[in-house]
Every structure is written in C-alpha cells, then in structure tokens.
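Notes for the one structure printed next.
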Amino acid sequence: MPDPNGFLRYDRRLPARRPVPVRISDWREVYPPAGEELIREQATRCMDCGIPFCHDGCPLGNRIPDWNDLVRTGNWDAAVESLHATNNFPEFTGRLCPAPCEAACVLGIGGGQPVTIKQVEVEIADAAVARGGLRPRPVPAPTGRSVAVVGSGPAGLAAAQQLARAGHAVTVYERDDAIGGLLRYGIPDFKLEKEHIDRRLAQLSAEGVRFRTGVDVGVDVTAEQLRAEHDAVLLACGALQGRDTPETPGRQLRGVHQAMTHLVAANRVVAAAGDGRPALAVLPDGTPIDAAGKHVVIIGGGDTAADCLGVAHRQGAAGVHQLDLYPEPPETRDAERDPWPTWPWVLRNYPAHEEGGERVFAVAVQEFVDDGTGQVKGVRIAEVSVEKRDGRRIVTPLPGSERELPADLVLLAIGFEGTEQQPLLEQFGVRCNARGAVDARPDWQTDAEGVFVAGDMHRGASLIVWAIAEGRAAAAAIHAYLGGVGELPAPVDPARQPLAAR
Ligand SMILES: Cc1cc2nc3c(=O)[nH]c(=O)nc-3n(C[C@H](O)[C@H](O)[C@H](O)COP(=O)(O)OP(=O)(O)OC[C@H]3O[C@@H](n4cnc5c(N)ncnc54)[C@H](O)[C@@H]3O)c2cc1C
Ligand code: SF4
C-alpha cells in the first residue's frame with residue numbers, strides 16, 4: 001500500500017546537475033547519481049492512482065506505480081525485475097527520454113509537480129548494474145529459426161533481445177563500425193556515456209545475439225542473400241535523412257554543415273580518446289569541423305540542436321546562437337491547446353541551455369554570408385511569422401527586421417525527412433510513403449513477405465522509448481510468423497500514436 005500523503009509531504013526534487021564550468025571541461029554525463037535517500041523520497045510521492053495516466057503517456061506500458069512503491073520500500077531487486085518486464089533498456093530511456101509519462105502524471109494536473117518518474121527509472125536501472133550486473137538470461141532451446149535485424153539502434157536491439165530470448169538465432173547487421181545506432185555516435189556522451197551501451201551489448205551477446213558491424217545491407221550483402229540465410233528480416237534502419245535548405249543563398253559555403261556531420265565527428269573523437277577530455281573533431285576527409293574559437297549558429301530548436309549546443313561549448317566556441325522559426329513557447333502548459341495528460345508545447349530548457357549561448361525565436365535565415373573566399377562569415381536573419389494554411393507552413397518575413405549574426409560554423413538541425421533512400425529498399429521491394437517512412441501492416445510486415453519494419457524507419461524521427469516499444473512489438477509479430485511457442489509482449493501496434501486531445 002503506497003503512502004497516500006507522500007506528495008503532500010515532499011516537493012518534486014531532482015539531483016543537482018554537475019556545475020557548468022566543471023561539466024563543460026569534459027564529456028561526462030551532466031547528472032550525478034541521485035542518492036538513495038532522495039530517490040526513495042521522490043518515489044514516495046507516487047499515489048498509485050486508480051487509473052495511472054502515466055501508463056498512457058508511455059508506449060512501453062511501464063509499470064510505474066509498482067516500481068515506485070518498490071523503491072519507496074527499498075525493495076530494489078523486485079524493482080529491477082518489474083522495470084525490465086516492460087523495457088529492455090531502462091538505462092537509455094531513464095537518461096534520455098523526454099518523459100511523456102511525467103507529462104501525463106496525475107500529480108501534474110493544474111500545473112502541479114509530477115513524480116520524477118524518469119529519475120526513479122534511471123536509479124533502478126543503475127541499481128541493476130550495481131547489484132550484480134546485467135546478468136544474461138538463460139538461453140532457451142533453439143527453435144531452429146533465424147532472423148536478420150538490419151540496424152542496431154534501440155529498435156533493432158530491443159527486437160534482437162526479445163527474439164534471442166525466445167530461442168531464435170539472431171544476427172544484427174550494422175553498417176557503422178560500432179553497434180548502437182544514434183545512441184552510439186549521434187547522442188553525445190554528456191547525455192549518455194557509452195559504457196551503458198557496451199554493458200548491454202555484452203548481455204545480448206551472452207544471450208546469443210550475433211553482431212556484424214561494417215556491413216551495409218544492400219551494398220556489402222544483398223537483400224537476396226539475407227533472405228536466403230534467414231527466415232525473417234527486420235528492417236530498423238532509422239530515419240537519418242537530414243532535412244536541408246538548398247534554396248537558401250550561400251548553402252554551399254564552407255562551414256555550413258548538417259548537424260549530424262558535426263555530432264558524429266565530435267562523438268567519434270570522444271570515443272577514440274576515451275579519457276573524457278574535450279578533443280578536436282574532424283570530418284572523414286580530415287577537414288576540421290570543430291567549434292573551438294568560432295562563432296557558431298545552430299538552426300533548429302529540438303534535441304539535435306541542443307546536442308550541438310552542448311558539443312560547441314565543450315569544444316570551446318567563442319559564442320553560439322540557436323535559431324528557432326517559431327515564437328518562444330510558454331513556460332507552462334496552455335490547457336486550451338494541450339490539455340493534461342497530452343504532451344504540452346512548452347519552453348524546454350535542456351541542460352545545454354544552462355551552459356551558455358543565446359536562443360533567438362521567430363526568425364528565419366535569409367542568406368549564409370560569404371567572406372569572399374567561399375567560407376561562411378555570417379548568417380542574415382529576419383524576424384518571421386509562421387502560420388498553417390491548407391496544411392502547409394507559410395513563413396512571412398517582417399519587412400525591415402533583417403540583421404546579421406557572425407558565423408564561422410553553421411549547423412543545420414532542422415529535422416529529418418524519413419529513412420535514407422538506399423539500395424536496400426529497392427532490393428527488398430519496400431516503398432516509402434509521403435513522410436519518407438516505411439508502412440507496416442497490422443502484423444508489422446512491410447509489402448514484402450517476411451520483411452518487417454520497426455522504429456524510426458516506420459514511425460519517422462521519434463524517440464528512443466517508441467523505438468524500443470516498436471522493436472518489442474515487431475519481435476512479437478516475427479515470433480508469431482515463425483510459429484514460435486506462446487506470445488511475446490507487444491506494447492504497441494503500428495497505428496498507435498502518442499496521446500492527443502483531438
Ligand atoms: C542528435 C539526436 C539526439 C537525440 N536525442 C534523443 C533523446 O535525448 N531522447 C530520445 O528519446 N530520442 C532522441 N533522439 C531520437 C532517437 O535517437 C531515435 O528516435 C532512435 O535512436 C531511433 O532508433 P532506431 O533504432 O529506429 O534507429 P537509429 O537509432 O537511427 O539506428 C538505425 C541504424 O541503422 C543503421 N543502418 C541504416 N541503414 C543500414 C544498412 N543498409 N545496413 C546496415 N545498417 C544500416 C544505421 O547505421 C543506424 O545505426 C535523438 C536523435 C538525434 C538525431
Ligand atoms: S500518474 Fe503519477 S502519481 Fe499516479 S501512479 Fe502514475 S506516477 Fe504515480
């Protein structure tokens with residue numbers, strides 16, 4: 001029986017972040033561990049609601065009130081078990097999820113303070129490591145069926161673990177030199193140190209999952225070869241086609257890059273150094289793409305832009321502007337527009353924003369300015385209004401509002417246009433829809449028999465929690481397709497959408 005008065009006794013509290021001057025001099029995670037006393041206090045705030053709306057916010061169906069109460073009572077082993085019953089990788093979601101469960105928490109009604117669900121989650125996940133490590137589950141009797149998983153992000157890995165635990169022989173194919181998808185080289189270490197991925201991979205390997213890196217499916221191995229070797233294929237190739245702005249004058253200048261170009265280069269350097277100190281980033285051809293001493297302009301307002309901001313400060317940027325097309329959101333939920341328990345449009349201050357830089361709202365780039373040698377030296381912006389007409393976005397510059405910002409490095413973090421166009425699609429006979437994603441039938445199969453799809457490749461650029469949920473659900477469908485005994489958990493179906501008011 002949970003404490004019915006916990007939320008009256010305790011306010012919502014998170015652990016203090018590491019001080020800014022300390023954390024921007026290295027790449028270590030921003031948050032230190034919370035400490036048992038704080039986390040048990042915060043778990044005590046959970047009311048174990050009759051209808052726990054936190055469940056509706058989370059696509060994984062996490063048993064949030066159950067593990068909150070297990071933490072409150074210090075029952076850590078049972079909390080670890082309960083958390084892993086619905087989530088293969090709580091150490092990733094606990095660190096990285098924007099927590100739609102907290103937006104849906106009953107304690108958040110009317111501007112109240114939701115339970116720190118995500119913090120409790122990460123502490124349980126870390127407790128699993130501290131209390132004996134991520135022990136592999138016993139390998140079941142082999143079913144004799146084999147599955148190829150293409151792409152090793154959270155969707156592919158979740159599916160691989162579920163299928164291996166059901167006795168199937170699973171091989172994960174990844175074109176990169178390391179496993180992890182965006183978790184590995186997209187998301188910086190100050191949000192997720194890579195030892196968390198490596199620890200999980202050791203567990204998956206011990207459970208029988210085989211990994212083949214450096215294999216670009218569709219190029220190094222054909223779809224036909226893959227289909228001949230395996231009984232089913234899961235495509236989990238992500239949505240990595242970065243949106244660009246080719247029509248903006250000056251786009252071709254040196255120093256104007258896709259955000260991912262910058263992030264991947266920086267994260268690779270950190271991975272290579274491994275000692276946690278800031279290091280210089282270079283492109284594959286050796287050209288530096290480092291922010292040190294530069295004026296940086298980041299275009300975009302989401303996760304990717306915030307990650308670029310944190311990287312730029314750690315590399316020693318002289319100054320950073322982050323531009324957003326839309327006006328500054330309100331600090332609190334607009335109940336008319338986004339009623340509880342939906343995900344609200346509010347100003348999101350990531351830890352990276354605390355570290356410096358200036359955010360500029362309601363502006364659009366008119367031109368990348370040439371220094372006369374083909375190198376960018378500035379960005380000409382104008383204030384704009386944005387409206388939707390007939391489903392289309394109309395951006396109107398305000399006359400006379402133009403000004404120039406200094407820029408030696410410009411990073412485009414303006415979203416993704418779906419999955420990459422690559423030979424694999426045609427070889428498998430799989431088409432993309434108008435959003436650049438691959439449709440799935442209710443059983444997660446694509447138009448091609450025995451070829452399934454999950455994660456960002458199916459949903460479009462989304463969140464880790466959705467990738468894991470889709471990976472688990474697709475694994476359940478593949479298990480059924482292969483005639484496996486019993487059912488695997490399927491937390492979502494392909495049509496499931498986040499909570500919405502209309
Ligand atoms: C910079 C950035 C920061 C983000 N931060 C967050 C965050 O804080 N919280 C959050 O919840 N979400 C975040 N996201 C979103 C999240 O990372 C994605 O939603 C998630 O990783 C999608 O998982 P996935 O498994 O579908 O695909 P991915 O993680 O994209 O993995 C796809 C993999 O497929 C591989 N692949 C593609 N084609 C082939 C091929 N032909 N052969 C072999 N391999 C192939 C790719 O190399 C890649 O490794 C962020 C995204 C970005 C870009
Ligand atoms: S909605 Fe909030 S208070 Fe209610 S059970 Fe979920 S976490 Fe606990």
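Both counts, for ligands and for their atoms, begin at 1 and track the order of listing. These numbers were taken from a predicted model, which means no experiment stands behind them. Heavy-atom basis, side chains included; hydrogens, waters and symmetry copies ignored.
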- Contacting atoms of ligand 1, where contact means under 4.0 angstrom from a heavy atom of Gly181: 29 (O), 31 (O), 48 (C), 49 (O)
- Got the closest protein heavy atom to atom 51 (C) of ligand 1, with its distance? Leu182 CD1, 3.9 Å
- Just wondering, do Thr93 and Asn87 contact through their side chains at under 4.5 Å, heavy atoms? yes
- Task: Might you work through the side chain to side chain donor-acceptor pair (under 3.5 Å) test for Tyr350 and Asp307, ending with a clear yes or no?
- Result: CA-CA 9 Å; Tyr350 297 85; Asp307 290 355; over 6 Å; no
- Query: Going by distance only, is there an N or O of Ile464 that falls short of 3.5 Å from an N or O of ligand 1?
  - Reply: yes
- Enumerated ligand 1 atoms positioned under 4.0 Å from heavy atoms of Val215: 42 (N), 43 (C)
- A student checking ligand 1 against Ala236 at a 4.0 Å heavy-atom cut-off should list atoms 32 (C), 33 (C), 34 (O)
- Heavy-atom distances under 4.0 Å are what count here, so tell me which part of Met260 touches ligand 1: side chain, backbone, both or neither. side chain
- Item | Heavy-atom neighbours of Leu8 CG exceed 12 at 6.0 Å | yes
- Query: Can you find an N/O atom of Arg175 closer than 3.5 Å to an N/O atom of ligand 1?
  - Reply: yes
- Message: Closer than 4.0 Å to some heavy atom of Asp307 - which atoms of ligand 1 meet that?
- Response: 1 (C), 2 (C), 3 (C)
- Please confirm whether Pro154 comes within less than 3.5 Å of ligand 1 when only nitrogen or oxygen atoms on both sides are compared. yes
- Message: Strictly distance-based, threshold 3.5 Å: is any side-chain N or O of Asp324 a donor or acceptor partner for the main-chain N or O of Tyr326?
- Response: yes
- Item | Phe416 heavy atom under 4.0 Å from ligand 1 | yes
- Are side-chain N/O atoms of Asn88 and Gln162 paired as donor and acceptor at under 3.5 Å? yes
- Message: Is Arg459 close enough to touch ligand 1? Criterion: a residue heavy atom under 4.0 Å from a ligand atom.
- Response: no
- Item | Gln203 versus Arg200, side-chain donor and acceptor atoms under 3.5 Å | yes
- For ligand 1, which part of Gln422 has a heavy atom less than 4.0 Å away: the side chain, the backbone, both, or neither? side chain
- Could you check atom 52 (C) of ligand 1 against the protein and tell me its nearest heavy-atom contact, residue, atom and distance included? Thr304 OG1, 3.8 Å
- Taking only Lys NZ, Arg NE, NH1 and NH2, and the carboxylate oxygens of Asp or Glu, determine whether Asp69 and Arg72 approach each other closer than 4.0 Å. yes
- Query: Can you tell me the protein heavy atom closest to atom 25 (O) of ligand 1 and the distance?
  - Reply: Ala155 N, 3.0 Å
- atom 8 (Fe) of ligand 2 neighbourhood, protein N/O/S only, threshold under 2.8 Å: Cys46 SG
- Leu463 versus Pro98: any side-chain heavy-atom pair under 4.5 Å? yes
- Between Glu91 and Arg199, does a salt bridge (charged side-chain N to carboxylate O under 4.0 Å, His left out) hold up when you go through it step by step? CA-CA 10 Å; Glu91 65 279 24; Arg199 214 177 268 130; over 6 Å; no
- closest protein heavy atom to atom 13 (C) of ligand 1 is Asp303 OD2, 3.8 Å
- Query: Identify the closest protein heavy atom to atom 27 (O) of ligand 1: which residue and atom is it, and at what distance?
  - Reply: Gly238 CA, 3.5 Å
- Query: Which heavy atom of the protein is the closest neighbour of atom 34 (O) of ligand 1, given with residue, atom name and distance?
  - Reply: Gly151 CA, 3.2 Å
- Message: Any non-hydrogen side-chain atom of Pro341 less than 4.5 Å from a side-chain atom of Asp56?
- Response: no
- With distance as the sole criterion, is a donor-acceptor pair present between the side chains of Gln258 and Thr261 under 3.5 Å? no
- Item | ligand 1-proximal atoms of Leu463, by part, heavy-atom distance under 4.0 Å | both
- Quick look: Leu183 vs ligand 1, heavy-atom contacts under 4.0 Å, and the answer is neither
- Message: Between Tyr481 and Glu449, is there a side-chain donor-acceptor contact under 3.5 Å, judged purely by atom types and distance?
- Response: yes
- Query: Within the structure, does Glu420 bring an N/O atom to less than 3.5 angstrom of an N/O atom in ligand 1?
  - Reply: no
- Pair Gln161, Glu207: side-chain N/O donor-acceptor within cut-off below 3.5 Å: yes
- Side chain Thr446, main chain Val451, donor-acceptor under 3.5 Å: yes
- Query: What's the shortest heavy-atom distance between Ala266 and Val311, and which atoms?
  - Reply: CB-CG1, 3.7 Å
- Message: When you measure from the side chain of Arg268 to the backbone of Tyr185, do you find a donor-acceptor pair of N or O atoms at a distance under 3.5 Å?
- Response: no
- Within the distance-only criterion (no hydrogens, no angle test), does the side chain of Glu174 pair as donor or acceptor with the backbone N or O of Ile179 below 3.5 angstrom? no
- Query: Of all the heavy atoms in Gly218, does at least one lie under 4.0 Å from an atom in ligand 1?
  - Reply: no
- Query: With only distance considered, is Asp456 within less than 3.5 Å of ligand 1 through an N or O on each side?
  - Reply: yes
- Message: For the 3.5 Å polar cut-off, considering only N or O atoms, please tell me whether Leu96 and ligand 1 meet it.
- Response: yes
- Message: Can you see whether Phe190 has Arg314 sitting over its ring - NZ or CZ less than 6.0 Å from the centre and within 45° of the normal?
- Response: yes
- Note on the structure: For Tyr173, the atoms of ligand 1 under 4.0 Å from one of its heavy atoms are 43 (C), 44 (N)
- Can you sort out which atoms of ligand 1 are near Leu263, meaning under 4.0 Å from one of its heavy atoms? 1 (C)
- Query: Less than 3.5 Å between some nitrogen or oxygen of Cys97 and one of ligand 1, yes or no?
  - Reply: no
- Note on the structure: Counting heavy atoms under 4.0 Å, the part of Val217 that contacts ligand 1 is both
- Query: Taking only heavy atoms of Ser462, which atoms of ligand 1 are found under 4.0 Å from at least one of them?
  - Reply: 15 (C), 19 (O)
- Between Trp343 (side chain) and Asp338 (backbone), is there a donor-acceptor pair under 3.5 Å? no
- Query: Are the side chain of Glu420 and the backbone of Gly242 linked by a donor-acceptor contact shorter than 3.5 Å?
  - Reply: no
- Message: Tell me whether Glu121 contacts the main-chain N or O of Thr116 through its side chain, where contact means a donor paired with an acceptor under 3.5 Å.
- Response: no
- Counting only heavy atoms, which portion of Lys191 has something under 4.0 Å from ligand 1: side chain, backbone, both, or neither? side chain
- Note on the structure: Of all protein heavy atoms, the one nearest atom 50 (C) of ligand 1 is Ile187 CD1, 4.2 Å
- Task: Tell me which part of Leu424 gets within contact of ligand 1: side chain, backbone, both or neither, using heavy atoms under 4.0 Å.
- Result: side chain
- Query: Hey, which atoms in ligand 1 end up nearer than 4.0 Å to a heavy atom of Glu174?
  - Reply: 33 (C), 34 (O), 35 (C), 43 (C), 44 (N), 46 (C), 47 (O), 48 (C), 49 (O)
- Query: Which atoms form the tightest heavy-atom contact between Val209 and Ala160, and what is the distance?
  - Reply: CG2-O, 3.9 Å
- Quick one: look at Val150 and ligand 1, take heavy-atom pairs under 4.0 Å, and tell me if it's side chain, backbone, both or neither. side chain
